[in-house]
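Model, not experiment: these values are computed from the prediction.
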Amino acid sequence: MALDAINTIVGWKEWVALPDLHLPAVKAKIDTGAATSSLHAYKIVYIRREGKKFVRFEVHPIQNNKKIKIMCIAPLLEKRAVKSSSGELTKRPVIKTSIKIGNNVWEIELNLTNRDSMGMRM
């Protein structure tokens, strides 16, 4: 891990970028207790390309703004059982992607779910 990453301080809410998904700015709530991060996604469709599994989905990156939407596609890592904040267990698609906070970039796993009722997109 780079020394910059060790010295990076983040707040409980941060603007992050997901460059692999062409999402330049998404408001994220930092949750140190979560096993994986959840990204707001809808119109989730499973597809195959050259024999490999992918997931295509759309994102409203800004809360309460449905005019801005971005279509994303990523290799499907797996479908995983995830317990929601209300305690409900659901199977969600999981992808691997990069996240950028400030000048630091990390590889993370994201599960995809509709977060319209949540305060943050991620």
Side-chain angles (χ1 to χ4, degrees):
M1 184 180 295
L3 187 56
D4 286 346
I6 294 169
N7 292 322
T8 300
I9 297 172
V10 296
W12 73 279
K13 291 192 288 188
E14 293 288 344
W15 285 101
V16 303
L18 301 169
D20 298 341
L21 301 177
H22 307 288
L23 291 167
V26 176
K27 190 71 158 214
K29 177 183 170 214
I30 309 305
D31 182 356
T32 58
T36 60
S37 295
S38 297
L39 177 67
H40 169 69
Y42 64 100
K43 291 187 180 178
I44 298 170
V45 178
Y46 299 97
I47 59 174
R48 284 191 174 271
R49 282 188 175 174
E50 298 175 14
K52 295 181 182 170
K53 296 177 182 178
F54 287 80
V55 61
R56 185 178 64 219
F57 54 98
E58 291 186 31
V59 175
H60 293 301
I62 309 297
Q63 187 73 23
N64 300 319
N65 183 337
K66 294 195 176 191
K67 291 180 182 178
I68 299 173
K69 63 181 178 181
I70 298 175
M71 186 185 303
C72 305
I73 189 164
L76 178 66
L77 184 62
E78 65 181 343
K79 287 185 187 176
R80 187 180 298 162
V82 176
K83 191 181 288 187
S84 71
S85 57
S86 64
E88 183 181 345
L89 196 64
T90 59
K91 275 226 157 175
R92 299 180 186 173
V94 176
I95 62 171
K96 249 188 192 172
T97 193
S98 59
I99 185 171
K100 183 175 182 188
I101 304 174
N103 293 322
N104 298 298
V105 179
W106 296 274
E107 189 86 356
I108 63 167
E109 292 182 0
L110 284 177
N111 68 73
L112 307 175
T113 188
N114 189 314
R115 292 178 54 88
D116 268 337
S117 64
M118 305 296 281
M120 301 287 164
R121 299 284 85 184
M122 186 173 160

Verdict with supporting geometry, Thr97 and Ile108, side-chain contact (heavy atoms from CB on, under 4.5 Å): CA-CA 6 Å; Thr97 193; Ile108 63 167; 4.3 Å; yes
Criterion side-chain contact (heavy atoms from CB on, under 4.5 Å) on Asn114 and His40, from CA distance to verdict: CA-CA 5 Å; Asn114 189 314; His40 169 69; 3.6 Å; yes
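Clustering ILVMFWY residues whenever any of their side-chain heavy atoms sit less than 4.5 angstrom apart, transitively, puts Trp106 in the very cluster that holds Val26. Linking ILVMFWY side-chain heavy atoms closer than 4.5 Å, directly or via other members, places Leu110 and Leu76 in a single hydrophobic cluster. Ile70 and Val55 fall within a single hydrophobic cluster, where Ile, Leu, Val, Met, Phe, Trp and Tyr side chains are chained together by heavy-atom contacts under 4.5 Å. Cluster annotation: Ile101 is connected to Leu21 through the hydrophobic network of ILVMFWY side chains, with a link wherever side-chain heavy atoms come within less than 4.5 Å. No continuous path of hydrophobic side-chain contacts links Leu112 to Ile47 [ILVMFWY only; heavy atoms under 4.5 Å].
Between the NE2 atom of His22 and the CD1 atom of Ile73 there is a distance of 10.5 Å, given to the nearest 0.5 Å. Rounding to the nearest 0.5 angstrom, the gap separating the NZ atom in Lys27 from the CD atom in Glu14 is 8.0 Å. One finds the CZ atom of Arg49 at 8.5 Å from the CZ atom of Arg56 (value rounded to the nearest 0.5 Å).
In this structure, the side chain to side chain contact (heavy atoms under 4.5 Å, CB included) partners of Glu107, at least two apart in sequence or on a different chain, are Lys96, Ser98. Every residue meeting the side-chain hydrogen bond (donor to acceptor under 3.5 Å, both in side chains) condition with Tyr42, not counting sequence neighbours, appears here in chain and number order: Glu58, His60.
Side-chain contact check for Pro93 versus Ile95: every heavy-atom pair is 4.5 Å or farther apart. Put simply, the side chain of Val59 reaches to within 4.5 Å of the side chain of Leu23, judged on heavy atoms.
When hydrophobic side chains of Ile, Leu, Val, Met, Phe, Trp and Tyr are connected at separations under 4.5 Å, Leu77 ends up clustered with Val94. Val82 forms part of no hydrophobic cluster, judged by ILVMFWY side-chain heavy-atom separations under 4.5 Å.
The backbone N or O of Gly51 sits less than 3.5 Å from a side-chain atom of Arg48, completing a donor-acceptor pair.
Checking Asn111, Leu18, Ile99 one by one against Leu39, the side-chain contact (heavy atoms from CB on, under 4.5 Å) holds for a single residue, Leu18.
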